[in-house]
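Counting convention: from 1, in listed order, for ligands and their atoms alike. Just the heavy atoms: all of them, side chains too, but no hydrogens, waters or symmetry mates, feed the values below.
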Amino acid sequence: MNQFGVIVRSFSNSAAVNSAIKNVTIIGGGLMGSGIAQVTAQAGQNVTLVDVNSDILAKSQKSINNSLGRIAKKIYKDNPQEGEKFAREASERIKTATDPVAAVKDTDLVIEAIVENLDVKHALFQKLDNAAPAHTIFASNTSSLSINDISSVVKRKDRFGGLHFFNPVPVMRLLEVVRGGETTDSTFDTMMQWGKSIGKTCVACKDTPGFIVNRLLVPYMAEALRLLERGDASARDIDIAMKLGAGYPMGPIELLDYVGLDTTKFILDGWNKNYPDQPLFKPIPILNKLVAEGKLGVKTGEGFYKYDKK
Ligand SMILES: CC(=O)CC(=O)SCCNC(=O)CCNC(=O)[C@H](O)C(C)(C)COP(=O)(O)OP(=O)(O)OC[C@H]1O[C@@H](n2cnc3c(N)ncnc32)[C@H](O)[C@@H]1OP(=O)(O)O
Ligand SMILES: NC(=O)C1=CN([C@@H]2O[C@H](COP(=O)(O)OP(=O)(O)OC[C@H]3O[C@@H](n4cnc5c(N)ncnc54)[C@H](O)[C@@H]3O)[C@@H](O)[C@H]2O)C=CC1
């Protein structure tokens, strides 16, 4: 299996990792849900991707097909026909739906990737808990909320955990597997095994704010904005500095635009509310202003920088 979760014999000698999970329902077809749907389908599993309307789902399918095309070109560079077949078959494994309750009736794993808002996530999981089979594991891709807080509204707390992916999902190799307070060993092991089955490198983490990556990355991006606000350096120079001086693939301000300014604001606001004494989590006026103006980064065509609308 290669790093894209695709079993290609000529690319690797390692055996495919089996998982008890065959049918996966992903709720939220935005930036992250689309990527999670794609990597799951690439690994040969059946996916149902759910969002609030069919226009959004059509956009998700378009971005999945674009990404599959890029990956197919890379791994089947000497065999374009095989590449087309791979992309078509993966795409066909993804069904779309607008009713989350019907979409979990026959599924082994539900991964929630909707807006980073506890009340909205609660309303969704409450509905799903009664509808999904008893064995089904629920997971959230939350960036910053507590898994215990999210799972507080369901009965299946033992079959609930965090599966935290990174953007862009088809390229980033890490998956943080998060154990909530009541997650059983069996649920945790199944989630780990599933992560491996889709080609990700899994790390384990407790239910601590930001898990591993965001606890380090979000304060770093916030400090970059404070540097910018103080007028100590321009956005472009901060980005160049961290790329050429620290070897990061993107500078912190480019990365903020890439992640979505609304998502980062949600994260900081939530942590500031829970940890008011932590200076690293304080609100950042320049970030709040852009979000209020609807400039959310790459996805809206403008954030700290401007982008061509796709
Ligand atoms: C907020 C949270 O909760 C957690 C998070 O996600 S935090 C954010 C984590 N993500 C990061 O830190 C991303 C940092 N950036 C990067 O790693 C890189 O800039 C990047 C992979 C995004 C793009 O890489 P790049 O070299 O700048 O651009 P680009 O040449 O377009 O892409 C590199 C490769 O990835 C591929 N690629 C990029 N995006 C892709 C996508 N969505 N689908 C498929 N392939 C993709 C490209 O085809 C390209 O392949 P080749 O090298 O074979 O040509
Ligand atoms: N943006 C990022 O880099 C990362 C985000 N995350 C987390 O993933 C989750 C999703 O983030 P993004 O994909 O960036 O957001 P997004 O805004 O791109 O997509 C969210 C999608 O969920 C849909 N949605 C909202 N409520 C819904 C509901 N009740 N039922 C069905 N669909 C619903 C929206 O229509 C939208 O398409 C958030 O919890 C975020 O914190 C995790 C890792 C990285």
Side-chain angles (χ1 to χ4, degrees), residues 3-4 25-39 42 48-60 63-75 77 87 96-101 103-104 110-128 139-145 147 150 162-176 178 210-218 220-221 239 242-243 247-252 254-268 270 296-300 310:
Q3 77 264 37
F4 301 109
T25 301
I26 293 148
I27 321 262
L31 204 58
M32 297 304 292
S34 299
I36 301 168
Q38 179 185 332
V39 294
Q42 278 172 209
T48 305
L49 180 61
V50 182
D51 209 301
V52 292
N53 66 51
S54 50
D55 286 350
I56 297 178
L57 287 164
K59 227 175 121 194
S60 317
S63 98
I64 291 169
N65 289 337
N66 279 339
S67 178
L68 281 169
R70 287 166 87 173
I71 284 167
K73 257 195 197 136
K74 200 177 311 178
I75 53 181
K77 54 180 175 297
T96 59
T98 51
D99 177 4
V101 168
V104 300
V110 174
I111 303 176
E112 167 274 310
I114 67 170
V115 61
E116 187 75 338
N117 176 302
L118 188 60
D119 292 339
V120 183
K121 290 190 196 284
H122 273 169
L124 174 71
F125 276 120
Q126 249 167 344
K127 270 197 286 193
L128 302 185
S140 174
N141 180 53
T142 180
S143 297
S144 63
L145 299 172
I147 295 300
I150 300 174
L163 287 171
H164 185 225
F165 288 82
F166 296 85
N167 180 28
V169 180
V171 179
M172 304 307 278
R173 297 171 69 174
L174 186 70
L175 177 64
E176 289 178 329
V178 183
F211 314 127
I212 301 172
V213 173
N214 283 343
R215 182 61 183 82
L216 299 173
L217 193 60
V218 173
Y220 151 72
M221 295 193 292
D239 282 340
M242 292 312 290
K243 283 189 282 193
Y248 287 14
M250 279 180 176
E254 284 177 289
L255 186 56
L256 277 154
D257 273 358
Y258 194 67
V259 165
L261 303 189
D262 52 340
T263 300
T264 307
K265 178 175 155 48
F266 275 132
I267 297 175
L268 277 173
L296 307 182
V298 179
K299 64 184 167 187
T300 58
K310 285 177 192 142

Trainee: What closest approach, in Å, do S140 and E112 show between heavy atoms, and which atom pair accounts for it?
Mentor: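 Shortest heavy-atom separation between S140 and E112 comes out as OG-OE1, 2.5 Å.
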
Trainee: Does Y258 reach ligand 1, in the sense of a heavy atom lying below 4.0 Å from it?
Mentor: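 The answer is yes, since Y258 has a heavy atom less than 4.0 Å from ligand 1.
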
Trainee: What protein heavy atom is closest to atom 17 (O) of ligand 2, reported as residue, atom name and distance in Å?
Mentor: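 In this structure, atom 17 (O) of ligand 2 has K299 NZ, 3.9 Å as its nearest protein heavy atom.
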
Trainee: Give the residue, atom name and distance (to 0.1 Å) of the protein heavy atom nearest atom 31 (C) of ligand 2.
Mentor: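 Heavy-atom neighbour on the protein nearest atom 31 (C) of ligand 2: I27 CG2, 3.6 Å.
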
Trainee: Starting from atom 39 (O) of ligand 2, find the nearest protein heavy-atom neighbour and note its residue, name and distance.
Mentor: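 The answer is E116 OE1, 2.6 Å.
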
Trainee: Is ligand 1 under 4.0 Å from a heavy atom in the side chain of N214, in the backbone, in both, or in neither?
Mentor: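 The side chain, only.
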
Trainee: F166 heavy atoms, cut-off 4.0 Å: which ligand 1 atoms fall inside?
Mentor: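 In order of number, 4 (C), 5 (C), 6 (O).
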
Trainee: Any atom of ligand 2 sitting under 4.0 Å from a heavy atom of A113?
Mentor: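 Contact present.
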
Trainee: I'd like to check which ligand 1 atoms, numbered from 1 as shown, lie under 4.0 Å from a non-hydrogen atom of P249.
Mentor: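 The list of qualifying atoms is 14 (C), 15 (N), 16 (C), 17 (O), 18 (C), 19 (O).
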
Trainee: Select one of side chain, backbone, both or neither to describe which atoms of L217 lie under 4.0 Å from any atom of ligand 1, heavy atoms only.
Mentor: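 Under 4.0 Å from ligand 1, L217 contributes side-chain atoms alone.
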
Trainee: Would you say N53's side chain and I56's backbone share a donor-acceptor pair under 3.5 angstrom?
Mentor: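 Side chain of N53 to backbone of I56: a pair is present.
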
Trainee: With a cut-off of 4.0 Å, which atoms of ligand 2 are near a heavy atom of I56?
Mentor: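 Once the distances to I56 are compared, the set is 35 (O), 37 (O).
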
Trainee: Tell me: protein heavy atom nearest atom 14 (O) of ligand 2, and distance?
Mentor: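 Going atom by atom, the protein heavy atom closest to atom 14 (O) of ligand 2 ends up being L31 CB, 3.8 Å.
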
Trainee: Can you name the nearest heavy-atom pair linking P252 to Y220, along with the distance?
Mentor: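 Closest heavy-atom pair between P252 and Y220: CD-OH, 3.2 Å.
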
Trainee: Within the supplied structure, the quantity of interest is the number of heavy atoms (other residues, nucleotides, ligands) at a distance under 6.0 Å from K59 NZ; does it exceed 12?
Mentor: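 Counting neighbours around NZ of K59, 12 or fewer heavy atoms of other residues, nucleotides or ligands fall under 6.0 Å, so no.
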
Trainee: Taking only heavy atoms of M172 into account, list the atoms of ligand 1 that are under 4.0 Å away from them.
Mentor: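 That gives atoms 10 (N), 11 (C), 13 (C), 17 (O) of ligand 1.
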
Trainee: Regarding atom 6 (N) of ligand 2: of the candidates S143, G35, P168, S60, which has the closest heavy atom?
Mentor: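 When every heavy atom of S143, G35, P168, S60 is considered, S143 comes closest to atom 6 (N) of ligand 2.
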
Trainee: If you take all heavy atoms of I150 and T142, which pair is closest and at what distance?
Mentor: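 Closest heavy-atom pair between I150 and T142: CD1-CG2, 3.7 Å.
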
Trainee: What atoms in ligand 2 come closer than 4.0 Å to a heavy atom of H164?
Mentor: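 Counting from 1, the qualifying ligand atoms are 42 (C), 43 (C).
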
Trainee: Nearest 0.5 Å please: distance from the CG atom of L163 over to the CD1 atom of I36.
Mentor: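 So the CG of L163 and the CD1 of I36 are separated by 8.0 Å.
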
Trainee: Just to check, does V213 reach to within less than 4.0 Å of ligand 1 when the distance is taken from its heavy atoms?
Mentor: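 In this structure, V213 fails to qualify as a contact of ligand 1 - no heavy atom is under 4.0 Å.
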
Trainee: Please confirm whether the backbone N or O of L296 pairs with a side-chain atom of D262, one donor and one acceptor, at under 3.5 Å?
Mentor: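 Pair absent, no side-chain N/O of D262 close to backbone of L296.
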
Trainee: Which protein heavy atom lies closest to atom 43 (C) of ligand 2, and at what distance to 0.1 Å?
Mentor: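 Atom 43 (C) of ligand 2 sits closest to the protein heavy atom F165 O, 3.2 Å.
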
Trainee: State, to 0.1 Å, how close K243 and P249 come at their nearest heavy-atom pair, and which atoms those are.
Mentor: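 K243 and P249 have their closest heavy atoms at CD-O, 3.6 Å.
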
Trainee: Do any N or O atoms from the side chain of D239 and from the backbone of E254 form a donor-acceptor pair under 3.5 angstrom?
Mentor: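 Present.
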
Trainee: With atom 8 (O) of ligand 2 as the reference point, say which of T264, T142, N141, D262 has the nearest heavy atom.
Mentor: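 It is N141 whose heavy atom sits nearest to atom 8 (O) of ligand 2.
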
Trainee: Compare every heavy atom of L49 with every heavy atom of S60, then report the nearest pair and how far apart it is.
Mentor: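 For S60 and L49, the tightest heavy-atom pair comes out as CB-CD2, 3.9 Å.
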
Trainee: If you have a sec, work out which protein heavy atom is nearest atom 12 (P) of ligand 2 and how many Å separate them, to one decimal?
Mentor: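 It is M32 CG, 3.9 Å.
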
Trainee: If you take the nearest heavy atom of each of V169, I114, V115, which one is closest to atom 38 (C) of ligand 2?
Mentor: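 It is I114 whose heavy atom sits nearest to atom 38 (C) of ligand 2.
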
Trainee: Check F266 against ligand 2 and report side chain, backbone, both or neither, counting heavy atoms closer than 4.0 Å.
Mentor: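 For F266, no heavy atom sits under 4.0 Å from ligand 2.
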
Trainee: Any donor-acceptor pair under 3.5 Å linking the side chain of N167 with the backbone of Y258?
Mentor: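 Side chain of N167 to backbone of Y258, a donor-acceptor pair under 3.5 Å: yes, one is there.
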
Trainee: What is the distance from atom CD1 of I26 to atom OG1 of T96, rounded to the nearest 0.5 Å?
Mentor: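 Taking CD1 in I26 and OG1 in T96, the distance rounds to 12.5 Å.
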
Trainee: Is the side chain of E176 donor-acceptor paired with the backbone N or O of V213 at a distance under 3.5 Å, no angle test?
Mentor: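 Side chain of E176 to backbone of V213, a donor-acceptor pair under 3.5 Å: yes, one is there.
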
Trainee: Are the side chain of T25 and the backbone of A103 linked by a donor-acceptor contact shorter than 3.5 Å?
Mentor: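 Such a contact is found between T25 side chain and A103 backbone.
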
Trainee: Work out whether the distance between some heavy atom of M32 and some atom of ligand 1 is less than 4.0 Å.
Mentor: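 Outside the 4.0 Å threshold, so no.
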
Trainee: I want to confirm something. Looking only at heavy atoms, which of I26, N117, D51 is nearest to atom 23 (C) of ligand 2?
Mentor: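 Closest candidate by heavy-atom distance is D51.
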
Trainee: Find the distance between CD1 (I114) and CE (M32) and round it off to the nearest 0.5 Å.
Mentor: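 Taking CD1 in I114 and CE in M32, the distance rounds to 14.5 Å.
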
Trainee: Heavy-atom distances under 4.0 Å are what count here, so tell me which part of K121 touches ligand 2: side chain, backbone, both or neither.
Mentor: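 Side chain only; the backbone of K121 stays clear of ligand 2.
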
Trainee: Consider every N or O of T263 and every N or O of ligand 1, then say whether any pair is closer than 3.5 Å.
Mentor: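 Among all N and O atoms of T263, none is under 3.5 Å from an N or O of ligand 1.
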
Trainee: Which residue owns the protein heavy atom closest to atom 19 (O) of ligand 2, what's the atom, and how far is it?
Mentor: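 Heavy-atom neighbour on the protein nearest atom 19 (O) of ligand 2: G30 CA, 3.3 Å.
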
Trainee: Considering all heavy atoms of both residues, which atom of I267 and which atom of S143 are nearest to each other, and what is their separation?
Mentor: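 Where I267 meets S143 most closely, the heavy atoms are CD1-CB, 3.6 Å.
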
Trainee: Using heavy-atom distances only, which candidate in V171, T264, N167 approaches atom 13 (C) of ligand 1 most closely?
Mentor: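 Ranked by closest heavy atom to atom 13 (C) of ligand 1, first place is N167.
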
Trainee: Counting heavy atoms only, which part of V259 comes closer than 4.0 Å to ligand 2: side chain, backbone, both or neither?
Mentor: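 Both the backbone and the side chain of V259 come within reach of ligand 2.
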
